[in-house]
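Just so it is clear: chains get the letters A, B, ... in the order the sequence lines come, proteins before strands, and each one is counted from 1.
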4 protein chains.
Amino acid sequence: MDQSEIFAALQSQKIETPSWGYGNSGTRFKTFAAPGAARTIWEKVDDAAEIHRLTGIAPSIALHIPWDKVSDFGELASYGRDKGISIGAINPNLFQRDEYKLGSIASPDSATRETAIAHILECVAIMDQTGSRDLSLWFADGTNYAGQDDLRRRKRNFRTALTTIHDALPAGKRLLLEYKFFEPSFYYTDSFDWGCALSHCSAIGPKAQVLVDLGHHPQSTNIEAIVAFLLDEGKLGGFHFNARRYADDDLIVGSTNPYELFCIYHELVSAQSAEDRLVAETAANVAYMIDQSHNIEPKLEAMLQSVLNCQEAFARALLVDRNALTEAQRNGDVLGAHRILNSAFHTDVRPLLKTFREQQGLPVDPIAELKCSEYVETIVRTRGVADASGGYPTE
Amino acid sequence: MDQSEIFAALQSQKIETPSWGYGNSGTRFKTFAAPGAARTIWEKVDDAAEIHRLTGIAPSIALHIPWDKVSDFGELASYGRDKGISIGAINPNLFQRDEYKLGSIASPDSATRETAIAHILECVAIMDQTGSRDLSLWFADGTNYAGQDDLRRRKRNFRTALTTIHDALPAGKRLLLEYKFFEPSFYYTDSFDWGCALSHCSAIGPKAQVLVDLGHHPQSTNIEAIVAFLLDEGKLGGFHFNARRYADDDLIVGSTNPYELFCIYHELVSAQSAEDRLVAETAANVAYMIDQSHNIEPKLEAMLQSVLNCQEAFARALLVDRNALTEAQRNGDVLGAHRILNSAFHTDVRPLLKTFREQQGLPVDPIAELKCSEYVETIVRTRGVADASGGYPTE
Amino acid sequence: MDQSEIFAALQSQKIETPSWGYGNSGTRFKTFAAPGAARTIWEKVDDAAEIHRLTGIAPSIALHIPWDKVSDFGELASYGRDKGISIGAINPNLFQRDEYKLGSIASPDSATRETAIAHILECVAIMDQTGSRDLSLWFADGTNYAGQDDLRRRKRNFRTALTTIHDALPAGKRLLLEYKFFEPSFYYTDSFDWGCALSHCSAIGPKAQVLVDLGHHPQSTNIEAIVAFLLDEGKLGGFHFNARRYADDDLIVGSTNPYELFCIYHELVSAQSAEDRLVAETAANVAYMIDQSHNIEPKLEAMLQSVLNCQEAFARALLVDRNALTEAQRNGDVLGAHRILNSAFHTDVRPLLKTFREQQGLPVDPIAELKCSEYVETIVRTRGVADASGGYPTE
Amino acid sequence: MDQSEIFAALQSQKIETPSWGYGNSGTRFKTFAAPGAARTIWEKVDDAAEIHRLTGIAPSIALHIPWDKVSDFGELASYGRDKGISIGAINPNLFQRDEYKLGSIASPDSATRETAIAHILECVAIMDQTGSRDLSLWFADGTNYAGQDDLRRRKRNFRTALTTIHDALPAGKRLLLEYKFFEPSFYYTDSFDWGCALSHCSAIGPKAQVLVDLGHHPQSTNIEAIVAFLLDEGKLGGFHFNARRYADDDLIVGSTNPYELFCIYHELVSAQSAEDRLVAETAANVAYMIDQSHNIEPKLEAMLQSVLNCQEAFARALLVDRNALTEAQRNGDVLGAHRILNSAFHTDVRPLLKTFREQQGLPVDPIAELKCSEYVETIVRTRGVADASGGYPTE
């Protein structure tokens with residue numbers, strides 16, 4: 001790739017930020033209130049716009065319903081549009097109602113399952129009003145004790161509900177099914193890994209694809225292998241980006257193992273130019289979304305850092321000499337091929353990105369720009385420090 | 001051991017329940033409000049007394065300060081005494097104040113470190129009023145990102161503070177130092193494992209011992225090996241009992257792997273009859289404390305089940321034919337020795353425990369007794385369903 | 001279930017032992033030579049017959065080709081038949097030839113892929129001669145370094161080869177595809193988890209099913225959840241039984257966590273009586289095979305213990321009160337349901353099994369019978385101590 | 001640091017290569033024979049000298065006894081000296097004799113324990129002849145099944161033996177005690193983690209220090225935290241460098257997570273300039289040793305890559321702006337401090353190292369130099385392909 005191709009690729013990159021990343025969040029032990037944390041969805045859109053202003057690659061915001069419920073979603077979409085922000089994925093909340101104690105669409109209670117499906121269909125309706133393409137589904141469903149519930153019965157209820165939802169989606173919309181190894185359930189989760197999610201998505205239909213959250217895997221899972229497999233099956237729908245070392249730590253993406261993030265981007269860049277049309281189209285439509293919990297860091301700085309980490313990882317992946325790599329691989333040159341990949345990783349892409357930003361009319365040093373921005377000063381002053389006694393907001 | 005020896009041992013067993021186990025608790029996603037959950041420390045003592053009435057082996061309650069702060073701890077101790085409940089370990093809270101965002105006694109901020117030490121010393125004073133023997137220290141201190149803080153400087157601040165606290169403890173009191181592999185910090189924790197805790201305890205003095213929380217280890221850690229090592233060093237102070245499969249799941253002790261709990265009790269029973277006096281004395285003074293988070297189960301039933309699981313594990317460990325085991329071990333009879341241990345594990349101890357309870361005048365089937373007890377009915381009616389929007393209580 | 005139903009179920013249980021479990025085996029550090037270890041496939045059949053004589057539930061032996069290659073497989077089958085042993089699964093060896101250094105059917109080298117396919121087809125031919133139903137496929141294929149090879153290209157080569165093999169299988173034969181999280185490759189394995197294996201099996205056809213090796217999962221994986229999912233999809237083909245705590249430890253099945261083995265059997269027993277015909281049929285055809293590495297234990301004692309551990313786990317699972325369990329689950333009685341399951345686990349099934357063995361004319365205490373058997377004495381004397389300098393045998 | 005200081009530091013770096021890294025090695029499944037792999041200790045010294053010629057920072061070789069036993073160690077030392085290679089750590093073999101099946105110094109059999117101690121004392125004598133400073137002790141001791149042996153009795157035997165060895169060491173020599181989470185034992189290892197090793201080293205005396213093998217930890221362990229802790233206690237003796245993702249994978253150091261290796265070097269560089277004299281001295285005396293198993297890569301290329309990876313990680317760590325870092329840490333600037341560390345990591349150090357090598361008269365591109373070297377061609381031709389049917393060599 002020459003520089004113009006690289007710049008074209010960098011320009012096409014898009015990272016969606018989540019509304020819930022702009023409000024206070026915490027661990028089960030404590031939510032620390034951040035000065036200037038957004039209190040309403042309107043303020044969250046403002047914050048998303050500021051991140052987009054600084055980076056040029058964060059033009060949309062994901063919503064969480066009912067946290068971000070407004071009386072007129074058309075008005076919200078219009079508000080965002082004026083600020084350069086479109087409404088991205090819609091995320092239903094299926095874990096904060098008392099009736100979800102034993103699950104939502106996999107609950108042993110049929111009334112609860114219907115409540116959950118109805119809420120998701122409400123979100124499908126919102127997608128229409130906001131112009132969202134993706135319905136992003138994470139289920140906290142699961143059990144805590146062996147024997148607590150029947151695993152096959154839960155699976156069947158789960159699939160039945162997914163089928164209903166899939167079939168209710170208008171053409172052009174997608175259902176992205178997330179999976180999670182554990183938490184908040186600690187014996188079993190109903191969508192427990194990518195294989196489980198892929199099986200469901202394959203069964204329910206073409207509008208269903210798998211959503212990969214980087215923090216939802218067993219220890220030492222090779223995530224890029226899952227990414228490559230799903231791309232090849234035409235079933236990778238998107239990412240929830242974050243970083244982890246232990247559990248679902250929800251740290252800033254790329255902060256615990258930058259090499260892993262690079263390897264994931266390497267698979268994505270490879271697939272974008274695949275000869276197989278299904279693979280290339282799948283790669284082209286992947287949704288890149290941040291999903292983190294900034295417990296001790298300044299909210300906007302953390303979000304900005306996350307977007308920039310994705311940009312750096314992508315830039316490195318663009319630098320891989322793919323022809324040389326393929327040749328070394330075909331020759332069985334184990335370490336030669338490994339070094340070709342690493343050579344791109346070890347390249348310092350900061351000068352390249354500086355040039356790119358200059359050319360795009362973007363702030364050359366986004367972090368420095370944020371740090372001295374009037375925006376931060378203003379929100380700290382006007383929003384103050386919200387009460388943060390609990391963790392996630394409640395209905 | 002003949003039956004009278006086994007019954008004597010069973011009679012000597014003591015499991016301390018935690019005040020915070022009787023109130024509402026949850027994950028970072030949701031706290032489900034339990035009908036009849038205790039709202040005050042007085043109600044928590046009432047609940048502890050009920051568990052003791054049903055089992056006969058839960059005669060004390062651990063306090064968490066400031067959650068359980070009262071104006072007159074002498075009055076609280078007296079209230080408990082009237083109900084057969086003594087005040088057990090005192091647990092300071094070092095994670096819920098805004099200033100603890102970067103740590104408490106390991107914080108880079110000296111004023112914060114002093115605040116933390118002062119709070120712990122306040123707890124030492126409370127120990128005097130309640131007659132508690134043990135100061136139980138868990139520190140949420142740690143960092144989320146590489147480079148965030150200096151690891152050696154944090155260690156030195158940590159040890160300095162511990163020394164101050166140790167030296168302030170009156171004779172006969174103990175400092176139990178907990179460790180935790182991760183959470184709520186996700187890059188580094190200041191007391192990150194048993195080796196770290198042992199090193200600190202050895203350095204600061206004889207009143208310091210290590211507290212083992214079953215859920216605070218890396219995946220697949222052999223916990224009984226740590227228990228055996230600490231016993232042999234005279235440095236095992238106590239347990240926080242719970243169960244986990246993935247992270248610090250805080251499930252009911254013994255529920256995910258009953259064999260592991262049995263193996264731990266086997267080491268404890270072995271040490272109790274050790275020829276080495278230090279080992280035997282250490283084993284005799286181990287504090288057994290429940291520390292769990294009952295998110296979806298009825299509070300009292302969960303606590304009762306936990307105490308009973310400990311009793312069953314202990315009973316099985318008492319049945320090990322130790323002479324035969326030692327002989328098989330000395331002969332290098334790998335599978336023979338393994339089978340001798342397993343023979344005790346596979347024995348159904350329910351008939352034995354039924355006889356024991358009858359002899360002790362205890363309810364023969366504690367779960368059934370609880371389920372039809374007036375006590376539960378009364379607390380559900382009188383306490384109602386508390387608000388549970390947040391997770392842990394706040395100051 | 002009444003006792004006659006339980007005995008009927010116990011009588012139907014079948015555990016296949018592996019030929020390679022009767023020879024010397026070891027870790028990468030050392031193979032300890034066991035006195036009397038079998039040196040030829042004929043001796044291995046003799047040993048398998050002894051295990052079957054002692055238990056009554058181990059009537060077949062799995063072969064590994066070329067380790068167990070003979071000039072006339074019909075003669076081998078006949079030899080086994082005379083001793084009550086049939087030939088079970090055929091396992092090709094795809095990791096011991098120098099050309100497999102970079103993989104077999106996923107190798108970047110097409111000649112190597114063809115060699116591997118040819119070897120597997122040779123095994124298909126052997127199946128015909130031995131009367132084996134199952135072709136058991138484990139691939140050591142993978143890579144050690146990021147970039148070493150192209151993951152999607154490897155996947156496509158892998159699937160193409162599997163399709164060829166599948167289509168070459170005569171009617172009534174099955175291809176069982178194993179998966180493994182890691183080892184001997186340490187960056188990527190081509191059949192890396194059950195989801196990967198399920199996707200391949202679904203794509204290549206109805207004769208392909210997934211083989212679950214208990215030791216091939218990430219830490220703390222809920223294996224019974226995978227078992228339940230595969231059963232429900234009609235895609236569970238069989239098991240390789242063993243136990244692990246850390247990696248692919250290959251210890252005696254049930255020895256590290258007997259509760260886990262019980263929970264797996266619970267799913268199998270549940271599925272056997274499922275209303276859904278596909279599920280019930282799938283469960284009825286599951287192949288139960290031991291696959292372990294006895295490094296320090298006596299070979300025959302270890303194999304016998306393994307078979308008995310499976311029998312005990314199955315017996316416990318048969319005791320679960322399924323009607324009560326279902327009712328508790330439907331009522332959302334979390335701990336009640338858990339206790340119903342546990343009540344079966346905590347039942348001492350040794351008296352039941354003693355009665356069963358008596359009724360079947362089997363040795364009442366198989367371990368004691370083995371320990372004093374003439375058989376062991378004879379093989380130690382006649383076979384001697386084989387040279388065991390290496391690990392697995394070579395071609 | 002200015003460039004001259006950085007170059008001085010780079011010049012002082014020393015990485016010891018292991019004799020066993022030049023011979024054939026493999027997994028338990030297969031040892032692939034590498035063309036030109038060294039067959040004798042003399043050839044291994046030749047290879048080490050070639051690595052040193054190419055890098056300038058690998059001036060010593062570790063020996064494994066009895067694999068590298070010669071009749072005259074003085075002659076071997078002299079042979080090495082002539083080639084610029086000194087004899088480094090001596091590693092006894094305590095896992096390949098049949099009598100070590102149940103352990104060496106922790107075996108239940110006293111004669112075995114004495115054999116093991118005698119072998120280690122033989123190695124101490126060799127240290128005298130070779131001028132080695134360090135005795136490097138790894139024990140494969142452990143058990144496979146709960147109950148197999150008595151954990152506290154094993155611990156006491158272990159410590160008694162270590163004390164004997166420690167006390168036999170001449171002044172100026174060191175005992176480096178390794179630890180390992182698991183393998184080849186899979187229930188328990190006698191030196192199971194750094195806390196265990198530290199406790200032993202503290203108890204037996206000042207000549208004992210802990211050896212950290214990067215691959216011997218539980219999943220996701222923060223190794224740099226252990227390094228920092230041991231440095232601060234004056235008890236870090238050395239490293240066995242390699243990389244892992246899953247178990248003890250023994251891959252090329254830095255290949256799976258280069259950021260982790262960098263963070264470890266960051267702690268070492270920080271400690272080298274610590275004000276505390278014990279810490280600085282400890283850091284100055286750390287032994288850096290490669291310990292890997294190159295299964296599929298060319299031997300010399302793999303070793304060279306390993307040494308270079310250490311050099312790059314060290315170079316990056318030297319670039320950290322420590323004053324700025326300390327200030328950001330003191331200010332509680334979480335992400336600012338993190339970025340300062342990362343800025344060094346993301347710097348491309350290849351130009352710097354090129355200049356350094358030029359200045360030192362070393363090959364500017366060591367990999368390219370090796371690839372076209374006559375040395376490789378010669379050894380492939382003259383040594384041929386050794387038989388590699390087994391894994392590790394035997395006595």
What is the distance from atom CD of A/Gln148 to atom CG of C/Leu325, rounded to the nearest 0.5 Å?
-> 11.0 Å

One should read off an interatomic distance between C/Glu267 CD and A/Asp150 CG, to the nearest 0.5 angstrom, of 7.0 Å

Assert top hit (heavy-atom pairs under 4.5 Å, partner chain C, pool A/Pro218, A/Gly332, A/Cys196) equals A/Cys196

Per-residue contact mode, A/Ala203 against chain C (heavy atom under 4.5 angstrom) = neither

Separation of C/Asn222 CG from A/Thr189 OG1 (nearest 0.5 Å) = 8.0 Å

Could you check which of A/Ala225, A/Gly336, A/Ala146, A/Ser107 has the highest count of heavy-atom pairs closer than 4.5 Å to chain C?
-> A/Ala146

Under a 4.5 Å heavy-atom cut-off, does chain A meet the side chain of C/Tyr259, its backbone, both or neither?
-> side chain

Pair count under 4.5 Å, heavy atoms only, with chain A: among C/Pro108, C/Ala228, C/Cys263, C/Ala197, highest is C/Ala228

With a 4.5 angstrom heavy-atom cut-off, which part of A/Ser270 approaches chain C: side chain, backbone, both or neither?
-> both

Taking everything shown except C/Glu327 itself, do over 12 heavy atoms lie less than 6.0 Å from its CD?
-> no

Check whether any side-chain heavy atom of A/Arg154 sits under 4.5 Å from a side-chain heavy atom of C/Gln329, and report yes or no.
-> no

From the list C/Ser199, C/Ser202, C/Ala274, the residue making the most non-hydrogen contacts under 4.5 Å with chain A is C/Ser199

Taking atom CD of C/Glu281 as the centre, does the number of heavy atoms from other residues, nucleotides or ligands within less than 6.0 Å exceed 12?
-> yes

Between C/Asp276 and A/Arg152, does at least one N-O distance fall below 4.0 Å, as a salt bridge requires?
-> no

Given that the side chain runs from C-beta out, which part of A/Val279 has a heavy atom under 4.5 Å from chain C: side chain, backbone, both or neither?
-> side chain

Given that the side chain runs from C-beta out, which part of A/Arg153 has a heavy atom under 4.5 Å from chain C: side chain, backbone, both or neither?
-> side chain

CG of C/Asp190 to CZ of A/Phe229: how many Å apart, nearest 0.5 Å?
-> 10.0 Å

Between C/Asp193, C/Leu198, C/Asn331, C/Leu102, the one whose heavy-atom pairs under 4.5 Å with chain A are most numerous | C/Asp193

Heavy-atom pair count under 4.5 Å with chain A, highest-scoring of C/Thr326, C/Asp149, C/Leu231, C/Leu341 | C/Asp149

Report the option among A/Glu224, A/His217, A/His338 that has the most heavy-atom pairs separated by less than 4.5 Å from atoms of chain C.
-> A/His338

Heavy-atom proximity to chain A below 4.5 Å, by part of C/Thr221 = both

State, with a plain yes or no, whether a side-chain heavy atom of A/Asp232 is found less than 4.5 Å away from one of C/Leu151.
-> no

Atom group of A/Arg322 that falls short of 4.5 Å from chain C, counting heavy atoms = neither

Under a 4.5 Å heavy-atom cut-off, does chain C meet the side chain of A/Ser220, its backbone, both or neither?
-> both

Top residue by heavy-atom pair count (under 4.5 Å) with chain C, among A/Arg339, A/Arg159, A/Lys101?
-> A/Arg159

With a 4.5 angstrom heavy-atom cut-off, which part of C/Thr143 approaches chain A: side chain, backbone, both or neither?
-> neither

Do A/Ile226 and C/Phe192 have side-chain heavy atoms sitting under 4.5 Å apart?
-> yes

